[in-house]
Amino acid sequence: MTPPPLVAVIDHGAGNLVSISQGLERAGARVAVATGPADLSAAQAVVLPGVGAPGAAMSRLTDEGLVEPLKSWQGPLLGICIGLQLFFEVSDEDGQACLGLDRGRVQELEDAPLLPHIGWNDLIFPGSGQGRDPLFKGIPPGATFYFVHSYAPVPEDPDIAIAYAEYPRPFTAAVRSGRRIGVQFHPERSGDQGLRVLANFVAEVETWSRSVGGSGDG
């Protein structure tokens, strides 16, 4: 019997690791907390969480020697909240240069009535229902997800956005570039629908792992 996929959750000092790990385990994964490059060697996927500011997160990733391994990671990668923002080139929050995996910058929410934006929002999916990304398979209309943020990414290529939310203007709530996926909301704090998103990610990891027959570090 094939064991569940092993997902490495990056510990850069700014993530709700317990809730994320528990959510992934409920979704069918094995979880290992990663504090350095060696912790990625056996993993089939990586989750980059985060709360706080990009500057502190990038500083910790640099100190732990994880910046280059994350840039070269070829397997499934899920960024959550600040983890998503770190995919882009720079954040206006503190002028921090980020990982630069996707072109674009992170900007403050425009015309927001109150910051930070804390609370539940439903998602808007671009295109038709048939075009919905597999990450949101089985998510019913009107399902809501939990957000805590003042900034959101503005991708240079709008086609990588797979979901939007509004506060009150639309902002990017999720992106995909191949096997790299990011969400601005917190699936680990979003109840059953958040667990479904994590389960969809784990299912994608399982499919990819079977196709390559091993870990994702090359």
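- Under the rule for a side-chain contact (heavy atoms from CB on, under 4.5 Å), the partners of Pro113 that lie at least two apart in sequence or sit in another chain are Tyr167, Pro168.
- Leu17 and Ile10 make their closest contact through CD2-O, 3.7 Å (heavy atoms, listed as atom of the first residue, atom of the second, distance).
- Contact between Ala165 and Leu123 at its shortest, heavy atoms only, is CB-CD2, 4.5 Å.
- Not a single salt bridge (Lys or Arg N to Asp or Glu O under 4.0 Å) links Glu108 to another residue, sequence neighbours left out.
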Quick one: side chains of residues 80-88, donor-acceptor pairs under 3.5 Å with protein atoms, not counting sequence neighbours, listed by atom name and distance.
unit_1, atom_1, unit_2, atom_2, d
Gln85, NE2, Tyr151, O, 3.1
Gln85, NE2, Gln184, OE1, 3.2

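- With sequence neighbours excluded, the residues satisfying salt bridge (Lys or Arg N to Asp or Glu O under 4.0 Å) with Asp92 are Arg105.
- For Asp102 against Ser177, the heavy-atom pair with the smallest separation is OD1-OG, 2.8 Å.
- Ser19 meets the side-chain contact (heavy atoms from CB on, under 4.5 Å) test with Asn16, Glu188; sequence neighbours excluded.
- The list of salt bridge (Lys or Arg N to Asp or Glu O under 4.0 Å) pairs with a residue in residues 74-89, not counting sequence neighbours, reads Glu89-Arg103.
- For residues 78-88, no residue pair satisfies the salt bridge (Lys or Arg N to Asp or Glu O under 4.0 Å) rule, not counting sequence neighbours.
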Distance-only donor-acceptor hits, side chain of residues 136-147, under 3.5 Å, sequence neighbours excluded:
none

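- Considering every non-hydrogen atom in both Ser211 and Trp208, the closest pair reads OG-O, 2.6 Å.
- Take Pro69 and apply the side-chain contact (heavy atoms from CB on, under 4.5 Å) test, not counting sequence neighbours, and it matches Pro37, Leu40.
- For residues 25-41, the set of pairs meeting the salt bridge (Lys or Arg N to Asp or Glu O under 4.0 Å) definition, not counting sequence neighbours, is empty.
- Cys98 has its side chain out of reach of Val106: every pair of non-hydrogen atoms, C-beta onward, lies at least 4.5 Å apart.
- Evaluation of the salt bridge (Lys or Arg N to Asp or Glu O under 4.0 Å) rule for Arg176 yields Asp133, Glu204 as partners, not counting sequence neighbours.
- Between the side chain of Arg180 and the backbone N or O of Leu101 there is at least one donor-acceptor pair closer than 3.5 Å.
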Derivation and outcome, ring-ring contact (aromatic ring centres under 6.0 Å, His included), residues Phe171 and His149: CA-CA 11 Å; Phe171 64 86; His149 65 124; 5.0 Å; yes
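- For Glu206, the salt bridge (Lys or Arg N to Asp or Glu O under 4.0 Å) test picks out no residue, with sequence neighbours left out.
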